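Notes follow once the structure below has been shown.
Remember, predicted model here, so these are calculated numbers, not experimental data. Lettering follows sequence order; numbering is per chain, from 1.
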Number of protein chains: 2
Amino acid sequence: MSEKDLDTANKIKQAASALFLEKGFGRTTTRDIASAAGVNLALVNYYFRSKEELFKTIMMETVQGFIGQLHVLMNDQHTFEEKVELFVSNYTELLKKRPDLPIFMLSEIRNHPEEMAERLGIEQIIKEAKFFQELAQRCPDGIHPVHLFMNLISMTVFPFIGKPIISVGAGMDNETFILMMEQRKQLVPQWFLSMLKPQTEG
Amino acid sequence: MSEKDLDTANKIKQAASALFLEKGFGRTTTRDIASAAGVNLALVNYYFRSKEELFKTIMMETVQGFIGQLHVLMNDQHTFEEKVELFVSNYTELLKKRPDLPIFMLSEIRNHPEEMAERLGIEQIIKEAKFFQELAQRCPDGIHPVHLFMNLISMTVFPFIGKPIISVGAGMDNETFILMMEQRKQLVPQWFLSMLKPQTEG
DNA sequence: GTCTATAAGATGATAGAC
DNA sequence: GTCTATCATCTTATAGAC
């Protein structure tokens, strides 16, 4: 589907999404958006009441997509080990395509904190998930399961966030970086599982 | 030292730093800065040629401070294990005080990529550090040392970055979050060291 | 060094013709 | 739904008095 096939509202949304991601809300102007979308300036306000409203729409959809994957994954019929592997490889693939996503979400999220938490219902998604029930069982005594989940997310997501600094620091080109992220699809689950209680065969 | 004791340039820098951190470059205006610093609008441009120049100054100092610690730490006379513990506890303390620091740095860094890399010389700092030489030795065969260093940074820093989402997701108040970060000062080094080659006594 | 005043331009948003 | 034209406001930055 080429860009021309999208209707005006979607052209605007797509262009705005890229610009917000790249430059943030403050540095992006409605004129930028209209120009990048190839539509008239007035149409931005015609379809979305304001720049702020357009931003909220995009942000909600972005975060929904990000969390939605998690919801499905955490409740399907895979084993615990498979869930871990899928978690890491799914998010690695997503972040290979859209490495700016986490910073976008996290840097803008505090300017719109109220709507987020409520509409998303992350809390309930997590508490109900089978994955977390099993994680709690396999968690070493005295260690809160959230610690281990933090580690899993951290080791999966942070390398993409820190890439600008890490890859300069390590003198690493982009190709090498991607290669390492591929390796981590296997490594991170291993590291993560080794943090759990020793498991008897079953 | 109260704010009144600072000279004008420093009052501006301090106010601007807080605002850039809170709202980013794009959303922060020179009027905000002057007002927060309690100085006349024209003085912002008198001391720093432009808003952009002021930002660069602050950014450089911030990143320098962040990296500088690392340089000292990685080369002093502590043992490898002590270096790991100091790394985690120093940065945890820093991030407890200024949790917005990583996102600020990382979200704005790509708008000013050229100056960063060069002036900082991170690459050289890292390559020369004793810490990395020992890390390379103790790294399991076939695993690049940078993987393990990524894990150490990730597990230390990411929880602060992801706090807005994690703490909502886990239904966690601020006090509990800080308590967990305190626990991680001990836990992260344990997890990290367990990823290394088994070590014989000596 | 610090102020007032203002230039010069950008920005979000809308009214009204088509 | 889409355009042009424009408003009202805000923005960075500077000139010039003190």
| query | On the ring face of Phe160(A), is Lys96(A) found with NZ or CZ under 6.0 Å from the centre and within 45° of the axis? | reply | no
| message | Using side-chain heavy atoms (C-beta onward) and a distance below 4.5 Å, is Thr28(B) in contact with Glu22(B)? | response | no
| Under 4.0 Å between a side-chain N/O of Asn40(A) and OP1 or OP2 of dG1(D), yes or no? | no
| query | Which atom names give the shortest non-hydrogen contact between Leu95(A) and Thr156(A), and what distance separates them? | reply | CD1-O, 4.3 Å
| task | Round to the nearest Å and state the distance from Ile12(B) atom CD1 to dT2(C) atom C1'. | result | 11 Å
| message | Give me each pair satisfying salt bridge (Lys or Arg N to Asp or Glu O under 4.0 Å) with a member in residues 59-76 of chain B, each pair once, sequence neighbours excluded. | response | Lys13(B)-Glu61(B)
| task | Between protein and nucleotides 10-18 of chain C, map the contacts as a letter string: B base, S sugar-phosphate only, - none, heavy atoms under 4.0 Å, written 5' to 3'. | result | -BBBB----
| field | Distance, rounded to the nearest Å, where Leu6(A) contributes CG and dG1(D) contributes P | value | 15 Å
| said: Can you list everything that forms a side chain to side chain contact (heavy atoms under 4.5 Å, CB included) with Ile103(B)? Sequence neighbours excluded, please. | reply: Leu106(A), Ser107(A), Arg110(A), Ser107(B), Ile161(B)
